[in-house]
Amino acid sequence: MFNLIRRDIILQKKMMLIFIPFILFFIIMDTTTTLTVLVASLFIPFNAFYYDEKAETNILLNSLPYTRKEIVASRYLGAVVYMVLAVGFTSLLLFVFNQSFSLDEIAIGSGMFLFFAALTFPIFYIFKPGYLMVVVFISFFTFLFIMENAIPYILENYTALAEYVMDLSTLEQYLVGSLTVMSFYMASWLASTIIYQRKAL
Amino acid sequence: MENVVELKGVTKAFKGFSVDDINLEVKRGFITGFVGANGAGKSTTIKMMMNLLKPDHGEVKVFGLDYKTNEKEIKERIGFVYDGNVFYEGLNLKDIKQIVAPAYKQWDDELFNYYIDRFDLPLNKAMKKLSKGMQMKASLAIALSHHAELIIMDEPTAGLDPIFRREFLDLLQELMIDSNRTIFFSSHITTDLDRIADYIAFIQDGELVVNQSIEEVAENYAIVKGELELLDQDTEKAFVEVRRASTGFEALTNNLKEVNDIFGDSVVIENATLEDIMYYLRKGGVHHV
């Protein structure tokens, strides 16, 4: 399983070189920390799908002594591992460039990443390869748009919910937030496993 | 004799194509050649052996084990070579080895390096920059480096030049010195199989029509030539397929003994090559053996 996760580093060695200027660009452009964290986290896991969407790769992985359950699990666990690394790295860069950032922003960025991953990962297992990256790009910007507009809308119109959330202590807010994201992520994991196990290669 | 692979009543249907009720046995310690025209169902059958496809009905057992409960144990013991390159085409062999090697408990670096040397493979060149023959050698080197008991190959000789094809067949024979090893490989080039296969499995239009040892095939199958007057409703039953011409008939039999009993010396009998068998069965409407 660990080998499957490590595979992404071997595959993306060259992409890593683009990673640093890519993140620097976001930092220099003075984007919000939340967005920078989100984009940095997306980098490796979604590139991985770009490599893995080819039919041949699925034949290779499934001919090696791995089960389909493990192949899917490595994607979901790998995404968390690479997210943690990306967050660490981004924080380091922010620190070096003397930009202030809060734990809240990082938590929201990571939460958004997990949420987005949970939404899109099953798509990779459903559709045939070819234009998946386009689908993901479109859904990413749609996702950002919704996040930017829907949240303020909900806060304004569903004041009871908003008040409930506001009344929680910071710790409780973190707890509720992470539990929601986690259960969503797990449900997505389960769905992907079921889909992939039925797939003909 | 022990079966390494057993397919029992395996059926898989696609739109406009199906593999029907396949009963196939692959014997331990031998080379089984899997013949059939393009599109006959060879790759589909191999995919079911590898658990890439699940049969609609029937049972697939490898090493006597079931994929449902022992998927990893089975795959640990299989080396695979496919028609096309399945390895990341942008990576070189060194990186591919780093990905594949840790997947196997029995991976042997020394053995891998031996094959790299023997096949003259470049470690630092991207897969996509290698010729088709080189890609096949690379797949083979990877397939052979974890002491696999069963080597499954889908059309490994397609696209190889004649010299390397010969070398490749020699290598397969060399691998068989290990009596525990089994090779199953598909090909539509029948001369490859004539040369090295111990058993022949022949698939046609999704049906397995022959699964016999090469000796049995030689004993039972023959091309029979004779005069047209010899043919009537009864005598024709000895043949799988008959082709008539003004000068006489030419037919394929799968029951040489019966032909000898019926016709004796009045006909000319020639050995049937795999190609003959394939050709006659393809033309014929009779699929039963």
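Basis for what follows: all heavy atoms, side chains included, without hydrogens, waters or symmetry-related copies. Just so it is clear: chains get the letters A, B, ... in the order the sequence lines come, proteins before strands, and each one is counted from 1.
- More than 12 heavy atoms of other shown residues, nucleotides or ligands fall within 6.0 angstrom of atom NZ in B:Lys132.
- B:Ile99 touches chain A through backbone and side chain together, each having a heavy atom under 4.5 Å away.
- Here the side chains of B:Asn51 and A:Asn62 are not in contact, with every heavy-atom distance at 4.5 Å or above.
- Of the two parts of A:Asn3, only the side chain, counted from C-beta on, holds a non-hydrogen atom closer than 4.5 Å to a non-hydrogen atom of chain B.
- Atom CG of B:Asp83 is separated from atom CD1 of A:Ile59 by 10.0 Å, given to the nearest 0.5 angstrom.
- Between the side chain of A:Arg6 and the backbone N or O of B:Gln98 there is at least one donor-acceptor pair closer than 3.5 Å.
- Heavy-atom contacts from other residues, nucleotides or ligands closer than 6.0 Å to CZ of A:Phe22 number more than 12.
- Going from atom OG1 of A:Thr67 over to atom OH of B:Tyr67 covers 13.0 Å, rounded to the nearest 0.5 Å.
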ask   = When you look at A:Glu70 and B:Lys72, which way does the side chain to side chain contact (heavy atoms under 4.5 Å, CB included) test go after all the steps?
value = CA-CA 11 Å; A:Glu70 287 177 320; B:Lys72 291 177 79 162; 2.6 Å; yes
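- Counting non-hydrogen atoms of neighbouring residues, nucleotides and ligands closer than 6.0 angstrom, the NZ atom of B:Lys54 exceeds 12 such neighbours.
- Contact of B:Glu71 with chain A is made through the side chain alone, with heavy-atom distances under 4.5 Å.
- Side chain of A:Lys199 to main chain of B:Leu52: no donor-acceptor pair is present (N/O by atom type, distance under 3.5 Å, no hydrogens or angles).
- Rounding to the nearest 0.5 angstrom, the gap separating the CG atom in A:Leu60 from the CG atom in B:Asn85 is 9.0 Å.
- Note: B:Ile96 CD1 to A:Arg7 CZ = 12.5 Å, rounded to the nearest 0.5 Å.
- Environment of CZ in B:Phe17: crowded, with over 12 heavy atoms of neighbouring residues, nucleotides or ligands closer than 6.0 Å.
- A distance of 10.5 Å separates NZ in B:Lys97 from CD1 in A:Ile10, rounded to the nearest 0.5 Å.
- Minimum interatomic distance between A:Pro65 and B:Ala103 (heavy atoms only, all atoms of both residues): CG-O, 3.3 Å.
- Heavy-atom distances place the side chain of B:Tyr82, and not its backbone, under 4.5 Å from chain A.
- Summarising the geometry, atom CE belonging to B:Met49 is positioned 13.5 Å from atom OG belonging to A:Ser63; distances are rounded to the nearest 0.5 Å.
- Within a 6.0 Å sphere centred on CD of B:Glu174, other residues, nucleotides and ligands contribute more than 12 heavy atoms.
- The number of heavy-atom neighbours closer than 6.0 Å to CE of A:Met16, taken from other residues, nucleotides and ligands shown, is above 12.
- Residue-environment remark: CZ (B:Phe14) exceeds the threshold of 12 foreign heavy atoms within 6.0 Å.
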